[in-house]
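Reading through the structure tokens given below for one structure.
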Amino acid sequence: MLSEREKLVLNAIIDFYLSCGETIGSRTLVKKYNIELSSATIRNVMSDLEDAGFIEKTHSSSGRIPTDLGYKYYLNELLKIEKLSMEEKKRINNEYDQKMNALDNILKETSSILSKLTSYASVVIEPNHKKENIKKVELVHIDDYLILAIIVTEDLNVTTKKIKLQTGITKEKLQVLSEKINNKIKTQKIKSYEIVDLIKENFEAYNDIEKEIYKDIEGKLYLSNSPSIFKNKNVNEVLDIMEMFNEKQEVRNIFEEIVKSNEYVEGKVNVILGDDLPVKGLEDYSFVYSVYKKGDSKGVVGVIGPKRMPYSKTMGLIDYISKELEKTINKEKLIGNKEK
């Protein structure tokens with residue numbers, strides 16, 4: 001547990017580093033932050049903070065910069081999240097008001113808004129539809145090796161998926177499959193995640209159908225401004241990160257796993273520092289995010305930016321946008337028409 005004096009000094013050191021990207025010494029701390037302590041006393045406090053692992057010296061300077069432990073303490077105990085101005089709120093609300101009532105358009109726009117306002121890479125993960133009740137499933141025969149699967153949930157989310165088959169199927173057999181599935185949907189409450197087993201149960205020869213549909217039930221990933229991550233990186237690091245970000249399903253799985261494996265506070269903005277991210281090359285970055293809900297399902301909205309970022313402003317922005325997003329997608333029936 002840090003003393004009030006240690007908290008004061010640590011907060012000043014991190015605030016200065018986040019603002020200027022430079023180390024700070026005891027004399028500058030006294031002058032810039034009007035700390036009513038002598039330089040000698042501050043040096044002793046800094047020495048204690050360094051011994052405790054909250055700050056560290058750079059190579060040649062006597063000034064200090066925060067460690068990950070210092071960052072975590074600052075984010076959890078010292079940081080005050082900045083509230084958005086009325087002008088900023090109005091700008092965000094206007095963006096949402098102009099959009100149609102399609103879920104994918106809203107999420108895509110959310111990703112775009114975040115990247116524009118922060119200049120960082122934004123990550124928006126659509127809530128999966130596994131817990132939503134199915135209203136209807138239609139399998140449309142294009143030819144024997146190509147069908148169109150349309151899944152409609154009770155809250156009118158629509159997923160449309162073209163599926164190429166390795167084993168041919170006639171129009172008549174596909175019609176039988178559709179009828180069996182929909183008869184069961186009419187008599188039972190079938191959740192989205194159960195549709196996979198339902199298809200398998202009725203038509204085991206066509207397992208590739210269920211695999212393709214299952215991908216869409218999991219929800220979609222929206223990325224904006226991912227090239228910002230590649231700035232100031234060497235060639236090998238860029239290639240590693242670019243390779244990962246080219247595989248959207250992999251990126252989605254990684255960030256979902258990050259959220260699952262770290263204890264996040266629901267309704268709050270959370271921060272994961274780069275060393276805790278399972279991605280090579282992102283050690284000097286942070287993932288700042290919030291979890292939002294659509295009914296019983298959860299999604300993720302956040303940004304990946306440099307570890308030395310204005311957390312107060314960034315967290316305030318994500319807090320407001322995630323709450324507006326949740327309000328927007330839950331206030332009315334949305335049409336999530338996703339043509340693949």
Side-chain angles (χ1 to χ4, degrees), residues 92-93 95-96 99-115 117-118 120-134 151-159 161 191-193 195 213-226 245 247-272 277 286-305 314-338 340:
I92 293 169
N93 293 340
E95 293 286 348
Y96 280 124
K99 298 299 134 185
M100 298 183 293
N101 65 333
L103 179 60
D104 54 344
N105 284 349
I106 292 170
L107 298 180
K108 191 182 297 182
E109 185 62 22
T110 299
S111 180
S112 177
I113 291 171
L114 265 178
S115 66
L117 295 180
T118 63
Y120 304 143
S122 63
V123 177
V124 177
I125 299 176
E126 177 186 4
N128 66 51
H129 310 306
K130 294 178 184 177
K131 295 182 179 179
E132 294 178 15
N133 288 329
I134 295 290
I151 302 174
V152 185
T153 62
E154 285 189 349
D155 66 353
L156 298 185
N157 272 314
V158 181
T159 296
K161 179 72 181 181
K191 300 286 187 183
S192 292
Y193 67 85
I195 196 63
I213 290 176
Y214 194 75
K215 287 180 184 177
D216 287 344
I217 292 172
E218 290 181 329
K220 193 175 179 182
L221 169 75
Y222 298 86
L223 285 172
S224 293
N225 197 27
S226 54
F245 273 84
E247 297 293 333
K248 281 199 170 185
Q249 186 66 26
E250 182 182 347
V251 175
R252 181 188 173 284
N253 292 341
I254 286 173
F255 282 101
E256 277 208 332
E257 189 57 39
I258 287 170
V259 174
K260 287 178 185 176
S261 60
N262 289 270
E263 292 186 4
Y264 67 87
V265 181
E266 199 162 296
K268 300 288 185 181
V269 181
N270 303 266
V271 180
I272 302 176
L277 293 173
S286 294
F287 180 41
V288 185
Y289 71 96
S290 184
V291 173
Y292 67 95
K293 288 183 175 180
K294 183 178 186 298
D296 293 329
S297 299
K298 296 177 182 179
V300 178
V301 56
V303 296
I304 306 169
T314 305
M315 292 172 74
L317 180 63
I318 291 175
D319 182 57
Y320 184 79
I321 285 182
S322 64
K323 287 173 180 174
E324 286 301 303
L325 172 60
E326 187 170 297
K327 190 191 307 179
T328 300
I329 65 177
N330 285 290
K331 71 181 179 182
E332 58 184 334
K333 300 291 185 183
L334 296 172
I335 301 173
N337 185 14
K338 299 186 290 185
K340 305 286 177 158

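The figures that follow rest on heavy atoms only: side chains count, while hydrogens, waters and symmetry mates do not.
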CG of Leu223 to NZ of Lys108, rounded to nearest 0.5 Å, is 12.5 Å
Of the options Val301, Val124, Thr110, Val291, which is the one that meets Ser322 in a side-chain contact (heavy atoms from CB on, under 4.5 Å)? Val301
Could you tell me which non-hydrogen atom of Glu326 sits nearest to which non-hydrogen atom of Lys293, and how far apart they are? OE1-N, 2.8 Å
State, with a plain yes or no, whether a side-chain heavy atom of Val269 is found less than 4.5 Å away from one of Thr314. no
Taking the side chain as every heavy atom from C-beta outward, state whether Val303 and Val123 have any atom pair closer than 4.5 Å. no
dist Ile304:CD1 -> Ser115:OG (nearest 0.5 Å) comes out at 12.0 Å
Check: Val265 main-chain N/O paired with Asn270 side-chain donor or acceptor under 3.5 Å: yes
Is the shortest heavy-atom distance from the side chain of Val288 to the side chain of Thr118 under 4.5 Å? no
Any side-chain heavy-atom pair of Leu325 and Leu107 under 4.5 Å: yes
Compare all side-chain heavy atoms of Lys294 with those of Glu126 and state whether any distance is below 4.5 angstrom. no
How long is the gap from CD1 on Ile113 to CD1 on Ile92, to the nearest 0.5 Å? 6.5 Å
Say whether Ser224 and Ser112, considering side chains only, have a donor N or O and an acceptor N or O under 3.5 Å apart. no
Sub-4.5 Å side-chain heavy-atom contact between Asn93 and Tyr320: yes
Look up atom CG in Leu317 and atom OG in Ser290, then write down how far apart they are to the nearest 0.5 Å. 11.5 Å
Lys323: salt bridge (charged side-chain N to carboxylate O under 4.0 Å, His left out) partners, not counting sequence neighbours: Asp319
Between Ile318 and Gly302, which heavy-atom pair has the shortest distance, and what is it? CD1-CA, 4.1 Å
Is Pro127 close to Tyr292 at the side-chain level, that is, under 4.5 Å between some pair of heavy atoms? yes
Those residues at least two apart in sequence (or on a different chain) that pass ring pair (Phe, Tyr, Trp, His ring centres under 6.0 Å) with Phe287 are Phe255, Tyr289
